[in-house]
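So the structure is just underneath, and the comments pick up after that.
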Amino acid sequence: MITTHSSPREPLSKAYEAAAVEERLYRWWEESGFFKAQVNPAKKPFTIIMPPPNVTGQLHLGHAMTAAIEDALTRYHRMKGFEALWLPGTDHAGIATQMVVERELAKQGSSRHAIGREAFVKRVWEWVGTYGGIIEDQLRRLGASCDWSRKTFTLDEGPSLAVRTTFKNLYERGLIYRGERITNWCVTCRTALSDLEVDHAEEPGALYQIRYEFADGPLPDGRTGLVVATTRPETLFGDTAVAVHPDDPRYEGLVGKRVVLPVTGKHIPVIADEAVALDFGTGALKITPGHDPNDFETGERHHLPIVNVLNPDGSLNEVAGPFAGQERLAARKALVARLEADGLLEGVTEHPHSVGHCQRSGDIVEPIVSAQWFVAIKPLAERALEAVRDGRTRIVPERFEKVYANWMENIRDWCISRQLWWGHRIPVWYCADCAHVTVSIEDPAACEGCGSAYITQDEDVLDTWFSSGLWPHSTLGWPQKTADLDYFYPSTVMETGYDILFFWVARMMMMGLENVDDVPFQTVYLHGLVRDADGAKMSKTKGNVIDPLESIAEYGADALRFALTTGTTPGNDTRLSPARLQAARNFTNKLWNMGRFVLAALDEADDLSGWEGPGLDRTHPEDRWVLAKAQATAVAVNAAFTELQLAEAQRVLYEYLWSTVADWYIELAKVRMRAGDQRPRKVLAHVLERCLRLLHPFMPYVTEELWQHLKDRLPDPGDTPVSLMLASMPDPVGRLGQEAVDARLTGEAPAVEAMETVLDVVRSVRNVRAEFKIDPATPLDAVLTVSGDEGVLRAEAEAIRALARVGTLSFASDGAQAPAGAVKLVVRNVAVMLDVGAGVDLAAERARLGAEATETERYLRGLAGRLSNEQFVEKAPAEVVERERARLEDGQARLERIRQLLTELG
RNA sequence: GGGCGAAUAGCUCAGCGGUUAGAGCGCCUGCUUUACACGCAGGAAGUCACAGGUUCGAAUCCUGUUUCGCCCACCA
């Protein structure tokens with residue numbers, strides 16, 4: 001038996017204790033099946049496919065950010081009546097996971113090669129079995145309401161079938177091909193990489209000028225050779241030509257000559273190619289088709305041979321002669337020394353340049369030529385580009401649509417084969433007898449071409465992102481035509497960090513359109529990176545990492561979620577500091593204590609007659625005021641959700657709850673409740689309950705816990721299911737229409753305005769008290785002079801007296817007069833005369849009021865100027881003009897009051 | 001070499017065409033006020049980077065400049 005809350009009448013702890021609430025509630029939610037979604041034609045679907053974290057990963061703030069946003073969206077739409085599916089999963093993360101297990105093996109003095117492929121893969125599965133579930137439980141701690149019954153792993157049967165089906169389809173359409181191409185090679189990971197997996201960084205380097213001697217001896221002008229410039233001298237063993245620009249006068253007549261490759265004595269031709277820059281280096285370019293993408297193309301144009309100089313581990317191979325076996329950077333040093341000794345090194349200049357590094361290992365990436373599998377991506381990219389251009393998929397923030405388009409327009413074929421053992425093995429079999437290539441979804445027993453049984457499967461696995469790219473449809477059952485796919489696809493929102501826009505989002509767009517013939521999601525929401533308090537990227541080596549689990553333990557999951565998603569905007573990085581976590585924690589505590597107060601108020605009520613009656617008594621100005629603002633808050637929160645402005649939704653709720661309800665309404669209610677008025681108890685319960693619903697998507701735990709205590713004691717029970725997460729979202733727009741919400745049209749504007757005046761009067765008295773350093777306990781007598789209706793001020797007299805500590809409050813209209821030494825100030829249309837006892841400096845008073853008059857005059861001049869401007873009155877919306885007129889009137893009334901006081905002062 | 005973002009109170013950031021520009025933190029002055037010191041009340045603090053322009057109206061839109069940051073790109 002799971003208890004939903006800490007027992008109805010047990011006193012609540014003075015401070016909110018997240019740890020006492022979170023685990024219990026989560027277990028209850030999950031075991032009750034509240035997170036589950038199913039095909040339901042009666043409802044509209046709302047789908048988010050969770051970006052699958054690495055299966056061996058640990059929760060970091062990026063995940064926490066993702067979870068906070070996606071859970072808020074999911075819970076909100078669930079409460080809005082959508083069939084909300086948030087589908088979790090994990091990614092096998094090829095290189096990352098394999099490296100982790102390889103490191104383990106290395107510690108034991110073993111290696112994957114020592115134990116062999118089968119044993120190694122088994123070992124990784126064991127690892128996944130042990131550590132694979134950790135991140136799921138960490139997501140649970142955040143309160144993630146995802147449907148765990150649908151949890152998927154990229155290597156599961158379904159996604160694997162999707163991978164093989166996609167591979168075969170693309171192969172048959174000619175969009176997947178195998179080719180000898182130049183690709184990025186990581187010598188640490190010993191695998192090819194896609195262009196995206198290479199990070200470029202500007203680094204100090206050197207440009208070596210090396211003389212290649214003419215094979216036929218010196219020229220008539222005395223030159224003995226050509227000088228080439230290179231940053232990677234060790235690749236010279238792979239040079240198969242030297243290229244000059246055809247119009248370069250320095251090298252006129254040299255094309256066709258042969259030069260001698262240093263060390264090896266090999267002869268290579270001088271060729272002419274327009275791609276050579278005249279103004280860089282020496283104008284003579286060594287061509288190494290095996291180790292430079294540009295040279296590879298030049299080589300193709302000139303039919304040059306390709307020479308590979310590197311072993312897979314980054315050491316030089318046998319073509320390097322005496323340098324064979326040396327690691328590439330060591331070889332570089334040794335070769336430079338040798339060239340110098342041979343008198344072939346013409347010079348060395350400093351040359352900072354961009355160097356590619358493997359995203360995973362950090363090692364310098366080497367371009368090499370090898371047989372790899374590629375996706376001919378252009379046709380897929382065109383459709384993906386079109387889908388964003390025509391708005392079928394929208395990217396938030398919009399500026400990333402340009403980034404996306406730019407990448408899609410310049411996309412290059414995608415190298416998808418990896419020389420790893422952990423991943424989806426490429427579904428290709430080579431025949432030993434007929435050389436036929438069999439591509440098959442099922443493991444074939446024989447060659448498709450000749451029936452030979454001597455077939456062997458391709459050794460490589462696919463890029464992890466290949467399976468990730470299928471995620472939005474492979475998790476829903478594709479390639480089967482499932483009801484899930486039909487109902488939940490395309491997903492509503494894809495929410496993830498902007499750093500994987502190309503890696504993942506772009507690939508999902510292409511693959512989704514290709515496989516399902518529809519976009520994978522309607523909206524892409526990109527959040528920024530979480531940085532430390534100083535704006536630095538968090539990293540273990542810097543030691544500035546905030547561990548989300550520690551934050552949850554210290555501040556609570558609600559606080560962490562709130563801190564991560566408040567005061568931030570999509571696509572912009574955000575800084576998280578303990579200060580922000582504290583502020584969020586304080587808010588949860590504030591809410592908790594408001595709840596405690598309201599619950600106590602309900603307990604203490606000695607007469608709640610009419611409690612069950614329909615709706616609330618809305619006659620009292622305080623109640624009308626707080627209810628009108630509650631309504632406006634609900635409207636604003638719903639509007640913010642529509643625009644995916646989660647920070648705004650939370651800001652509005654924070655402000656309403658703290659600044660309106662806690663700071664004022666509760667204090668006002670106390671006054672009336674002490675006098676025996678029961679109505680505020682109902683209003684409090686109602687308002688708090690509405691806010692708990694609105695806030696629940698962001699702070700699921702504290703809101704649910706309070707709601708459980710509150711739900712059976714509501715004045716207007718209406719819709720009270722067993723859990724807050726199943727309750728409906730207050731949405732006045734939906735029910736009443738936008739116009740009806742507008743305070744002016746509902747007739748609430750006068751009540752709201754009048755109450756604001758009351759609050760200002762209270763503030764002004766407090767202000768004077770502080771200014772004159774009057775003890776807070778000393779009551780001050782006050783006289784009010786009101787221009788206009790003073791009904792609300794009279795109705796609120798007790799409130800003013802209590803909150804402002806006024807002794808006798810009287811009205812000038814009753815003939816009351818302030819004593820000669822009273823401090824006089826003007827609040828809106830009210831003059832407040834405060835008896836502060838003896839000793840008011842008349843001159844200072846005159847100066848203060850004079851300054852106020854001047855300021856008000858300046859303000860009024862601005863307004864009057866605007867209103868006397870024909871253009872303004874003509875062109876500005878009537879609403880704006882009207883508002884300015886009203887302001888002018890109010891301001892004039894105020895100015896009059898000030899002037900009158902000045903006259904009285906003499 | 002292209003592209004993007006940021007520049008608003010001491011700090012971190014909202015606001016992105018219509019009040020005399022806001023919040024949190026920090027700062028100053030007071031408070032054991034029976035929900036909360038994770039709190040309450042009051043206060044100080046901003047030529048919204050700079051220069052032009054569009055507009056009845058600009059922190060907000062446009063152009064340029066400066067300073068940071070990021071992304072993309074095969075310059076040996």
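Per chain, numbering begins at 1; letters A, B, ... match sequence-line order. Because the structure is a prediction, the values reported are computed rather than measured. Excluded from the calculations below are hydrogen atoms, water molecules and symmetry mates; all remaining heavy atoms, backbone and side chain alike, are included.
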Below 3.5 Å is the cut-off: list the nitrogen or oxygen pairs between protein and nucleotides 58-61 of chain B, distance only.
none

Let me check something: any side-chain donor-acceptor pairs from residues 563-573 of chain A under 3.5 Å, sequence neighbours excluded? List them with distances.
unit_1    : atom_1 : unit_2    : atom_2 : d
Thr565(A) : OG1    : Arg561(A) : O      : 2.8
Thr565(A) : OG1    : Gln650(A) : OE1    : 3.3
Thr565(A) : OG1    : Gln650(A) : NE2    : 3.1
Thr566(A) : OG1    : Phe562(A) : O      : 2.5
Thr569(A) : OG1    : Asn572(A) : ND2    : 3.0
Asn572(A) : OD1    : Arg399(A) : NH2    : 3.0
Asp573(A) : OD1    : Tyr498(A) : OH     : 2.7
Asp573(A) : OD1    : Leu529(A) : N      : 2.9
Asp573(A) : OD2    : Tyr498(A) : OH     : 3.2
Asp573(A) : OD2    : Arg531(A) : NE     : 2.8
Asp573(A) : OD2    : Arg531(A) : NH2    : 3.0

Checklist entry - When you compare C27(B) with G22(B), how far apart are their P atoms, in angstrom units rounded to a whole number? => result 23 Å
Item to check | Between C61(B) and C56(B) - C1' atom distance, rounded Å | outcome: 16 Å
Next on the checklist: Taking the P atom in each of A45(B) and A6(B), what is the distance between them to the nearest angstrom?
Outcome noted: 29 Å
Checklist entry - Residues two or more places apart in sequence or in another chain: which of them pass side chain to side chain donor-acceptor pair (under 3.5 Å) with Asp499(A)? => result none
Checklist outcome for this item: Protein-proximity profile, nucleotides 32-43 of chain B, B/S/- by nucleotide at the 4.0 Å heavy-atom cutoff, equals ---BBSBSSSSS
Please tabulate the protein-to-nucleotide N/O contacts below 3.5 Å involving nucleotides 55-57 of chain B, giving atom names and distances.
unit_1 : atom_1 : unit_2    : atom_2 : d
C56(B) : OP1    : Lys875(A) : NZ     : 2.0
C56(B) : O2'    : Asn869(A) : ND2    : 2.9

Checklist entry - C1' atom, U47(B) versus U20(B): distance in rounded Å? => result 16 Å
Checklist entry - What stem regions, each of at least 3 consecutive Watson-Crick or G-U pairs below 3.5 Å, can be found for RNA chain B? => result B:1-7 with B:66-72, B:10-13 with B:22-25, B:27-31 with B:39-43, B:49-53 with B:61-65
Next on the checklist: Once ring pair (Phe, Tyr, Trp, His ring centres under 6.0 Å) is applied, do any residues pair with Phe698(A), and if so which ones, sequence neighbours excluded?
Outcome noted: Phe641(A)
Next on the checklist: Going by the rule side-chain contact (heavy atoms from CB on, under 4.5 Å), which residues pair with Glu889(A) if we only count those two or more places apart in sequence or in a different chain?
Outcome noted: none
Item to check | Under the ring pair (Phe, Tyr, Trp, His ring centres under 6.0 Å) test, residues paired with Tyr665(A) that sit two or more places apart | outcome: none
Item to check | Partners meeting side-chain contact (heavy atoms from CB on, under 4.5 Å) with Ala802(A) (sequence neighbours left out) | outcome: Val671(A)
Checklist entry - Under the ring pair (Phe, Tyr, Trp, His ring centres under 6.0 Å) test, which residues partner Tyr251(A), sequence neighbours left out? => result none
Checklist entry - For Glu884(A), which residues count as a salt bridge (charged side-chain N to carboxylate O under 4.0 Å, His left out) partner, sequence neighbours excluded? => result Arg866(A), Arg887(A)
